[in-house]
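Worksheet: the structure to be examined is printed underneath.
So that the names make sense, note that chain A is the first sequence line, chain B the second, and so on, each numbered from 1.
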Number of protein chains: 2
Amino acid sequence: MISPDHPRYNSLILREKMANAYQEGILADTALIAHGRGEAFDYILGENTSPAALQAIRTGISAMLLADNPVISVNGNTAVLSAEYIVELSRLIPASIEINLFYRTPERVRKMEKLLKNAGATEVLGKGGDDHVTIPGLGGPRSRAHPEGIHRADVVLVPLEDGDRAQALVSSGKTVITIDLNPLSRTAQTSSITIVDNVVRTIPLMIKEVTTLKRYSRKQLKEILDEFDNAKNISKSLNLISHHFKQDE
Amino acid sequence: MISPDHPRYNSLILREKMANAYQEGILADTALIAHGRGEAFDYILGENTSPAALQAIRTGISAMLLADNPVISVNGNTAVLSAEYIVELSRLIPASIEINLFYRTPERVRKMEKLLKNAGATEVLGKGGDDHVTIPGLGGPRSRAHPEGIHRADVVLVPLEDGDRAQALVSSGKTVITIDLNPLSRTAQTSSITIVDNVVRTIPLMIKEVTTLKRYSRKQLKEILDEFDNAKNISKSLNLISHHFKQDE
């Protein structure tokens with residue numbers, strides 16, 4: 001349907017993927033609106049992974065490799081856009097995968113589980129009948145944390161997370177790595193390590209980075225973490241956007 | 001459901017309106033994604049109408065008042081977000097209203113007609129059985145132009161239009177006024193008068209402006225048009241966005 005010659009081919013393919021997933025009942029309608037917001041920011045960023053994002057990716061992987069209990073929290077949009085890569089990343093680190101839906105329904109949780117299993121996941125936390133502990137400061141279904149997953153995790157990768165939940169996870173003392181195309185979002189501003197990039201580019205790059213950083217000593221990984229300044233890194237993305245729009249005055 | 005205290009209350013209300021309209025079958029799923037893109041740009045613009053946008057609004061209304069056959073082209077998102085205001089504006093100018101859907105289905109056209117009639121429209125062009133002429137350079141349903149509407153119009157207001165159609169309308173010699181939150185979109189860049197703002201703020205402001213400009217002579221209205229430089233006006237919006245993101249380096 002969409003010609004590969006179209007200047008925005010990749011973006012249109014993702015849009016179609018999301019619309020189909022919505023039709024299949026995996027996503028809530030607000031997930032499509034959220035995807036549109038992401039599209040706009042990605043367009044602004046030139047649909048490219050910036051050097052600042054690469055640095056944040058490297059730091060995020062260092063934190064995950066150093067973690068005692070790293071967990072990848074997966075919502076609908078992340079699963080639809082990059083289930084296979086998420087599963088591969090979880091295998092390489094290794095890290096647990098936990099389902100985390102903002103608009104949680106039993107049907108959607110089942111469909112998410114199926115999607116992740118089809119993508120190769122052997123174990124998925126946060127399923128329908130699973131135990132859960134409440135994340136302090138949150139109410140409703142999104143306050144759920146699996147006792148063996150996010151609850152006891154020291155490092156959590158939460159792509160496309162909402163601001164309240166990111167903040168609650170940081171407040172409970174966890175290192176929160178997020179992937180968010182809006183560098184000014186509360187999630188981006190609150191998280192410990194913010195990767196301002198599109199998940200469809202970031203997760204494959206994270207996989208590549210694991211291969212490299214697995215050869216590093218813990219000391220070297222700690223140095224990467226210590227050198228990283230999240231606020232400064234976000235500033236670089238903000239300036240990138242600023243330059244994109246700047247006109248001669 | 002949504003607390004009026006929420007810092008992004010208005011935006012959340014619109015999101016809900018769009019999601020409901022989707023459930024009712026008025027909108028295609030890509031309309032929700034398009035709304036999300038708009039949300040992102042509106043957020044970047046501070047959810048405010050800029051002085052540059054106000055100037056474009058004033059110019060757009062001058063063009064409509066000077067027109068022999070002004071037409072307002074209405075798509076799904078515009079109708080859902082501001083049907084009542086569109087109808088009021090069409091009554092005040094006066095201008096015809098024409099339905100124009102990117103993903104045109106008989107059912108969606110019927111629902112659009114009903115929505116516009118419920119909002120007070122007495123006549124709506126572009127209905128199911130209506131005649132239509134092809135806009136040169138376009139194919140498929142979006143090439144439709146009503147012989148008494150867009151086809152013979154000299155000035156067309158097309159909020160939230162796609163790039164191909166905006167370009168085709170301009171190429172056929174019409175003055176095209178658009179409302180688009182992305183100042184870099186092809187629609188924004190191609191149109192004759194580009195209002196970089198949210199339709200929900202723009203249309204009410206256009207109504208206000210009609211009341212003022214109706215007292216102006218044709219000569220005065222022509223002066224407003226002559227003084228306007230669309231490229232320069234768009235640059236102002238771009239710089240506004242650039243400043244929004246700029247960090248000290």
Side-chain angles (χ1 to χ4, degrees), chain A residues 2 6-8 11-12 14-24 27-46 52 77 103 162-164 180-186 196 231-249, chain B residues 2 6-8 11-12 14-24 27-46 52 77 103 162-164 180-186 196 231-249:
Chain A
I2 303 161
H6 194 288
R8 309 205 50 255
S11 175
L12 295 177
L14 294 183
R15 191 182 299 174
E16 202 170 65
K17 211 169 176 178
M18 292 296 290
N20 290 341
Y22 175 77
Q23 296 296 343
E24 289 161 16
L27 300 176
D29 34 27
T30 49
L32 293 185
I33 298 180
H35 182 72
R37 286 198 299 281
E39 260 189 19
F41 279 103
D42 203 17
Y43 165 92
I44 290 170
L45 288 161
N77 290 26
Y103 295 102
D162 92 289
D164 285 340
D180 194 320
L181 280 157
N182 176 4
L184 290 176
S185 77
R186 204 147 50 86
V196 180
K232 209 180 258 178
N233 191 271
I234 290 173
S235 287
K236 287 182 192 166
S237 295
L238 290 168
N239 277 325
L240 197 75
I241 297 176
S242 174
H243 287 136
H244 181 75
F245 284 105
K246 196 168 168 26
Q247 305 290 298
D248 295 327
E249 274 171 292
Chain B
I2 303 162
H6 194 288
R8 310 205 50 253
S11 174
L12 295 177
L14 295 183
R15 190 181 298 175
E16 202 169 63
K17 213 170 176 177
M18 292 295 290
N20 291 342
Y22 175 77
Q23 297 295 346
E24 288 162 17
L27 300 175
D29 34 28
T30 50
L32 294 186
I33 298 181
H35 182 72
R37 285 199 299 281
E39 259 190 19
F41 279 102
D42 203 17
Y43 165 90
I44 289 170
L45 288 161
N77 290 27
Y103 295 101
D162 93 290
D164 286 340
D180 193 320
L181 281 157
N182 175 5
L184 290 175
S185 78
R186 205 146 50 86
V196 180
K232 209 180 257 177
N233 191 271
I234 290 174
S235 287
K236 288 182 193 164
S237 295
L238 290 169
N239 278 326
L240 197 76
I241 296 176
S242 175
H243 286 135
H244 180 74
F245 284 105
K246 198 169 165 27
Q247 304 289 299
D248 296 326
E249 274 171 291

Gap separating the [atom1] atom of [X] from the [atom2] atom of [Y], nearest 0.5 angstrom:
| X | Y | atom1 | atom2 | value |
| --- | --- | --- | --- | --- |
| E16(B) | I33(A) | CD | CD1 | 10.0 Å |
| I241(B) | I44(A) | CD1 | CD1 | 6.5 Å |
| Y22(A) | L32(B) | OH | CG | 7.0 Å |

Looking at every non-hydrogen atom in both residues, tell me the closest pair between A40(A) and A40(B) and how far apart they are.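 Taking every non-hydrogen atom into account, CB-CB, 3.5 Å.
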Using heavy-atom distances under 4.5 Å, tell me whether L184(B) contacts chain A through its side chain, its backbone, both, or neither.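 Both backbone and side chain.
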Under 4.5 Å from any heavy atom of chain A, what part of A19(B) do you find: side chain, backbone, both or neither?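 Backbone plus side chain of A19(B), per the 4.5 Å heavy-atom cut-off to chain A.
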Residue pairs involving residues 27-36 of chain A (criterion side-chain hydrogen bond (donor to acceptor under 3.5 Å, both in side chains); sequence neighbours excluded): D29(A)-Q23(B)
Are the side chains of K246(A) and N239(B) in touch, meaning some heavy atoms are under 4.5 Å apart?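 With C-beta onward as the side chain, the pair touches.
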In terms of relative ring orientation, are F41(A) and F245(B) parallel, tilted or perpendicular, with 30° and 60° separating the classes?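 Rings of F41(A) and F245(B): perpendicular, over 60°.
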